[in-house]
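For reference, the structure discussed in these notes is given below.
Residue numbers run from 1 in the order of the sequence given. What you are looking at is a predicted structure, and each value in this text was computed from that prediction instead of being measured.
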Amino acid sequence: RALDSITTTTLPAIKKEIKKGVVLEILENSFLTDEILQNHPVVYIGSGTDIEYPLALGGRNIIMVDPIFTDEAAVSEVLTRIKALVNEEIQNNSGRITFAFDFGSGPENVNVELVARPYGENLEDGFEIPENTSAILMFASQGPDSKVEADEHMRQMLTENGVIIEDATLLRKT
């Protein structure tokens, strides 16, 4: 259901098909294992309210980084989108959301953290990617000054066999 529900505000509308294709390619080729996704966070920079993308990839610990989360309407939209995907109870504790989601082997706990800060390595109050991250997602991600692009610092923050997905490009740490 998460895969079918992927959307994007990035134009043209064909961009949502690119996201779906990326998810299918990663899943079919096992670029991310369940073990990695169960034990290491997925960071989505410039996520907007797009919870479906990291869920479709198998993220169990998702960190969505976007300044829009200072607006309570954006938080409410994420909750609404989760409710459309699950029939389970959803807990929201000040931007820390927990719920059960079935990735194919029965319901598993999912933790989502909404971070209302920009990303930028040189920003004093910007978000810092945690060490041993399983995946860093960016889809037309914008920073305070320009487009956010994959860099060596991001690669260093990945766990072994982690990935950076920048639009339709996959960079893998081996």
Heavy atoms only: give me the nearest [X]-[Y] pair and the separation to one decimal.
X    : Y    : result
G58  : L37  : O-CB, 3.5 Å
E166 : V148 : OE2-O, 4.0 Å
V43  : P130 : CG2-CD, 4.0 Å
M157 : I129 : CE-O, 3.1 Å

Begin from the C-alpha positions of N39 and E35 and carry the test side chain to side chain donor-acceptor pair (under 3.5 Å) through to its verdict.
-> CA-CA 6 Å; N39 296 305; E35 181 182 345; 4.8 Å; no

What residues, two or more places apart in sequence or in another chain, satisfy ring-ring contact (aromatic ring centres under 6.0 Å, His included) together with F103?
->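 Counting only residues at least two positions away or on another chain, F103 forms a ring-ring contact (aromatic ring centres under 6.0 Å, His included) with F101.
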
Donor-acceptor contact present, side-chain [X] to main-chain [Y], <3.5 Å:
X    : Y    : result
D66  : G48  : yes
D151 : H153 : yes
T33  : I36  : yes

Note: R60-D34 ion pair, threshold 4.0 Å (strictly below) |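 Yes.
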
Inter-residue atom distance I165.CD1 - F139.CZ, 0.5 Å rounding |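 Nearest 0.5 Å value for the CD1-CZ distance: 11.0 Å.
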
Would you please name every residue forming a side-chain hydrogen bond (donor to acceptor under 3.5 Å, both in side chains) with D71, sequence neighbours left out?
-> none

Set of residues satisfying side-chain hydrogen bond (donor to acceptor under 3.5 Å, both in side chains) with respect to T133, sequence neighbours excluded =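 T133 satisfies side-chain hydrogen bond (donor to acceptor under 3.5 Å, both in side chains) with no residue once adjacent residues are dropped.
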
Start with the C-alpha distance between L55 and V110, add both sets of side-chain angles, then the distance that settles side chain to side chain contact (heavy atoms under 4.5 Å, CB included), and finish with yes or no.
-> CA-CA 9 Å; L55 272 177; V110 174; 4.1 Å; yes

